[in-house]
Amino acid sequence: MPACGQPAQPSRATWQHGCVTAATHSTLFPQVPDSADAVLEGLDPEQREVATALHGPVCVLAGAGTGKTRAITHRIAYGVRAGILHPSSVLAVTFTNRAAGEMRGRLRQLGAAGVQARTFHSAALRQLQYFWPKAIGGSMPRLVDRKIQLVADAAAACRIRLDRGELRDVTAEIEWSKVTQTVPADYAPAAAKAGRETPRDPAEIAQLYAAYEDVKRERSVIDFEDVLLLTVAVLQDRHDIAEQVRAQYQHFVVDEYQDVSPLQQRLLELWLGERDNLCVVGDASQTIYSFTGATPDHLLDFRTRHPGATVVKLVRDYRSTPQVVHLANGLLAQAKGRAADHRLELVSQRPAGPEPVYTEYTDEPAEAEGAARRIRELIDSGVPAAEIAVLFRTNAQSETYEQALADAGVPYQLRGAERFFDRPEVRKAGVALRGAARFGGNDSLLDDADDLPSQVRAVLSGEGWTPQPPAGSGAVRERWESLAALVNLAQDFAAAKPGATLADLVAELDERANAQHAPTVQGVTLASLHSAKGLEWDVVFLVGVAEGMMPITYAKTDEQIEEERRLLYVGVTRARERLHVSWALSRSPGGRPSRRPSRFLDGLRPGSTATVGRAGAGAAGGIERGIPGTRGSAPRRVQRTPARCRVCGRTLTDAGEMKLMRCDDCPSDMNEGLYERLREWRADQARSSGQPAFCVFTDRTLMAIAETAPDDEHELARIPGVGMRKLTRYGADVLAICAGQYATGDTDQG
C-alpha cells in the first residue's frame, strides 16, 4: 500500500507507453476510486511524488501535456481521502472559470467534493462580500462587469477624445497599473521602467486613470481589480479577519503560477501568513500574459523564498507525438532570457506520428481556403470536427477563416463565446428535461421513447433539435450544436450507466453546470493563441506564422520577442497528433509577396537555416528536495542514475522493483525476524499518531529495509521510500531495530 510520503509505485503498464492516456485523460463518467490508494493508480513516478507531498512548500515545474492538472487534483483528492486534508480547509486557485470548473469536476470524480476551487477573483470576492459589513460597514459597492464605459466617461470629464481602439488600450493600461499596484501618480515612471508601449502620452493616461477612479467613487462601483486590492487592504489592516481566513484555509494550491501578478502574489501571501503549506504549479515557458502584469518571477524564485521546498519536474509529455514535441523543444532551444534558462525538455510518451506539415501560400485568403480544404478532407476521413483547431495570433484573423470554413461546409465554433451552460438554449433545454423527468408519464412526446437517449431526443426535438443539422452557419446552427451536444452527452451517460433515468441525467447536468464541465460541441475551434492556452486537439492548424504576425509587429524588445516565441510554443503544444504550420507571402490576392516565414521557424522547417541556438538541453524531469530547517541555501538535487538489481545487475525500470533494488523474481535475502519487528514497530507508530500504517512506511519499504539491514543513516537514506522527513522522524528507531537495540511496543518518541 502506498505511504503518505513515499508511495509504492505502480507497474509500468499503468502509466508508461502502453497506457499514456491515463496520465492526462479520464473517461467521461469514471468510477470514483474506492480508496485513497486507488486515487494514486495510473500516476507516473513524478506525478505520484506531487500527489503524496502533502506538507510544506511544493513547487511543480510542469511542461505542456505532462498531466499537471491530474497531478494536483490527485494530490488534493489523495489528501482528502486519506484523512490528511479536510476538504473545507483546502483552497485551490487558478486563473479562469473554465480551469476552476474543470478542477472541481475532476475532484468530484475522485470523491473529493467540497474542496474550494476558484479563480483568484472569485475567492477574493466571496471573502470581501462576507467581511465587508464587519471591516468597512454598510453595503458593498456594485461590481461592474465592463469598465470601458467608465473609461469613456472619465475621458469625457478630462475632455480627451478616444476612439474605440484607444478606449480598449487605455483600459488595459489601467488594469495593468492596478494589478502591479501602481497608483495614477506613479504610472508614467512605472510604464517607462516596464518598457510598455503606451497608447497615449503617459501623463494623459495617468490623468485618465485618476479620473476613472473618481468616476467609480462618485457612482459607488468597483471593478475586478478593486476586488483584489480591497481584499488585500482588509487582510492587511484587520488582523482579526486575516486570522479568521487563515483558520478556514490551511492548504493552498495555485495552478498556472507563472501567470501570477504582483497583486495576486500579495493576496496569496496574506492568505498564507507564516505558514508554508503551499503547492504551486507552473511552466515559465508558457508565460504569455506579461502584458496583463503576469510574471514568472514568483515561480522562478520559489526555491529562493522556500529553501526547504520539494521541487518536482514533470517532463513526460502524454499529449503530443514525438514529432510535435521535437518541434516544441526546438523552439525553446533557441530562446533567450530567464524563462529560457529554466525551460523543460519534454519527452514524448506517445507513439510516433506524422511530421509537422509546413505550407506557404501566396496570400491570406488562399491560406484560409487551403486550411479549410484540408480540414474538410480530415473530417471526411473520420476525424471529429471538435478535434480540430485553427489558431491565429490576433482575433482580427478570424473572419477570413470563418468564411473559408463556411464555404467548405465545415461547422466551427469561436473560442471565448458564452459558456455552455449559460447559453439560453441550454438553459431552456434544461428546464424542458427537468419537467419531463418530473411529469414524463403524462408527456405524449415520450410515449415511443423507451430508453434514455431516445427520451432526450424526443424532449429536445421540441426545443429545435433535429437529426440533421441546419444548413449554413450562424445563430441557428450554434443553437443546434448546443442541443446536439446534450443529445451526445445523454448517449454517453446511458452507455456508462445502464439503467440511468432522465432524472439521473438531469442531476448530472446540474452538477456539471455547477462545475462548468461542458460537453464538447461538434465543430472546428477557431481561437487566438492566447485563448487556446490550456486546451488541446488531435489536429492543430497554426496559421499566419509569418514575420509581422509571429512575432507581432509591435513586439520590439528582447523580452517581447521571447514572449512571442513562447506564444508559438503554446500553440505547437496544443496538438496531439498532427500539426499544420502555414504562412502567406502577401495579405491579399495580387499583393506584393514581401512576407517571410517567422524567424522562430528558422532551422526547424525544411530548407531553412538554423539560427544560433542555446548550448545544452533543457531541464530533465525529477525531484529536488530542500533541506528542512534551512533558509537561504539552495535545494539539494537528487541525482538520477540508472537503478540496477543488486542480485543480477539488470537495469530496473519497474518502480516497485526499484524500491526493493532487485528484480521481483530474484531471490530475496530478507531477514524475516527483522521484517516482523519493523511491522510491529510500524503498528505502534500508527496507533500513537492516529494515521494508517502505510503512512509510516509501506510494506515494500519495510521489505527493502529488512533486506538491506542498514548500519547508519547514509545507508538508510539510500532506500527508496525513506525521504528526509521520515529519516528525521523515524531514522533512529529503524536503525536501533536493525541493530537489535529497540524493543517493539515502546512509546513513540518521534
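Excluded from the calculations below are hydrogen atoms, water molecules and symmetry mates; all remaining heavy atoms, backbone and side chain alike, are included.
- Residues satisfying the side-chain hydrogen bond (donor to acceptor under 3.5 Å, both in side chains) test with R457, not counting sequence neighbours, are none.
- For the pair S531 (side chain) and A527 (backbone), a donor-acceptor distance under 3.5 Å is absent.
- Here the closest heavy-atom approach between residue L314 and residue K68 is recorded as CD1-CA, 4.1 Å.
- Between the side chain of H530 and the main chain of I288, a donor-acceptor pair closer than 3.5 Å is present.
- With hydrogens and angles disregarded, a donor-acceptor distance shorter than 3.5 Å links the side chain of T573 to the backbone of V570.
- Between the side chain of N488 and the backbone N or O of A484, at least one donor-acceptor pair lies under 3.5 Å.
- Here R376 pairs with D380 in a salt bridge; the nearest charged N to carboxylate O distance falls below 4.0 Å.
- Looking at R81, its side chain never comes within 3.5 Å of a backbone N or O of I76 through a donor-acceptor pair.
- Between Q250 and H86 the shortest side-chain heavy-atom distance does not fall below 4.5 Å.
- When the ring pair (Phe, Tyr, Trp, His ring centres under 6.0 Å) test is applied to F95, the partners found at least two apart in sequence or on another chain are F120.
- Residue L567 holds its CG atom at 11.0 Å from CG of L331, rounded to the nearest 0.5 Å.
- Between the R566 side chain and the T287 main chain, a donor and an acceptor come within less than 3.5 Å of each other.
- A salt bridge between K497 and E508 is absent, with no side-chain N of the basic residue lying under 4.0 Å from a carboxylate O of the acidic one.
- Residue E355 comes nearest to Q323 through the heavy atom pair OE2-CG, 3.4 Å, listed as atom of the first residue, atom of the second, then distance.
- Exactly one of V60, V312, D44 qualifies for a side-chain contact (heavy atoms from CB on, under 4.5 Å) with E49. That residue is V312.
- At least one side-chain heavy atom of Y249 sits less than 4.5 Å from a side-chain heavy atom of Q127.
- Between L43 and Q47 the shortest heavy-atom distance is CA-OE1, 3.5 Å.
- Between the N329 side chain and the L346 main chain, a donor and an acceptor come within less than 3.5 Å of each other.
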Determine, stepwise, if the pair L505 / L452 fulfils side chain to side chain contact (heavy atoms under 4.5 Å, CB included). CA-CA 9 Å; L505 176 64; L452 177 59; 4.3 Å; yes
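- In this structure the side chain of Y318 never reaches within 4.5 angstrom of the side chain of R350, judged on heavy atoms.
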V539 vs E577, test: side chain to side chain contact (heavy atoms under 4.5 Å, CB included). Steps then yes/no. CA-CA 6 Å; V539 186; E577 297 173 6; 5.9 Å; no
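- Within 6.0 Å of atom CZ in R578, 12 or fewer heavy atoms from other residues, nucleotides or ligands are found, so the atom counts as exposed in its surroundings.
- Using a cutoff of 4.0 Å between basic side-chain nitrogens and carboxylate oxygens, R373 and E369 are not scored as salt-bridged.
- Residues satisfying the ring pair (Phe, Tyr, Trp, His ring centres under 6.0 Å) test with Y257, not counting sequence neighbours, are none.
- Taken from CG in L433 to CD in E463, the straight-line distance is 8.0 Å, to the nearest 0.5 Å.
- Applying the side-chain contact (heavy atoms from CB on, under 4.5 Å) rule to V357 yields the partners T359, R374, H580; only residues at least two apart in sequence or on another chain are considered.
- By the 4.0 Å N-to-carboxylate-O rule, R316 lies close enough to E46 to be salt-bridged with it.
- Taking OG from S582 and OH from Y361, the interatomic distance works out to 6.0 Å, rounded to the nearest 0.5 Å.
- A donor-acceptor pair under 3.5 Å is formed between the side chain of S348 and the backbone N or O of S320.
- Note that CG of L579 and OG1 of T321 are 8.5 Å apart. Values are rounded to the nearest 0.5 Å.
- In this structure, M550 and L529 have side chains that are in contact, with non-hydrogen atoms separated by less than 4.5 Å.
- In summary, E536 and R576 engage in a salt bridge, as defined by a charged side-chain N under 4.0 Å from a carboxylate O.
- Side-chain contact between Y401 and V543: present, with at least one pair of heavy atoms (C-beta onward) separated by less than 4.5 Å.
- Within the 4.5 Å cutoff, the side chain of I72 has heavy atoms near those of the D255 side chain.
- Annotation: side-chain hydrogen bond (donor to acceptor under 3.5 Å, both in side chains) contacts of H121 (sequence neighbours excluded): none.
- Minimum heavy-atom separation, E425 to L483: O-CD2, 4.1 Å.
- With contacts defined as side-chain heavy-atom distances shorter than 4.5 Å, the pair L405/L526 qualifies.
- T525 pairs by the side-chain hydrogen bond (donor to acceptor under 3.5 Å, both in side chains) definition with W537, not counting sequence neighbours.
- Put simply, the side chain of H74 gets close to the backbone of R70: a donor and an acceptor are under 3.5 Å apart.
- Of the options L61, V254, V253, a side-chain contact (heavy atoms from CB on, under 4.5 Å) to V280 is made by V254 and by none of the others.
- Between the side chain of Q397 and the backbone N or O of T394, at least one donor-acceptor pair lies under 3.5 Å.
- Annotation for P87 and A113: closest pair CB-O, 3.9 Å, computed over non-hydrogen atoms.
- If you take CG on L391 and NZ on K533, they are separated by 13.5 Å, rounding to the nearest 0.5 Å.
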Dump the intermediate steps for side chain to side chain contact (heavy atoms under 4.5 Å, CB included) on D317 and Q349, then the final yes or no. CA-CA 6 Å; D317 187 323; Q349 307 295 297; 5.7 Å; no
Give the C-alpha distance, both sets of side-chain angles, the deciding distance and a yes or no for side chain to side chain contact (heavy atoms under 4.5 Å, CB included) between S88 and Q248. CA-CA 7 Å; S88 63; Q248 169 71 52; 3.9 Å; yes
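- In this structure, Y78 OH and L40 CG are separated by 5.5 Å, a value rounded to the nearest 0.5 Å.
- With a 4.5 Å cut-off on side-chain heavy atoms, R75 and V58 count as touching.
- Of all heavy-atom pairs between T73 and M103, the closest is CG2-CG, 3.7 Å.
- Ion pairing of D510 with R434 is present here, as a side-chain N (NZ or NE/NH1/NH2) and a carboxylate O approach within less than 4.0 Å.
- With no hydrogens or angles considered, no side-chain donor-acceptor pair links Q286 and Y569 at under 3.5 Å.
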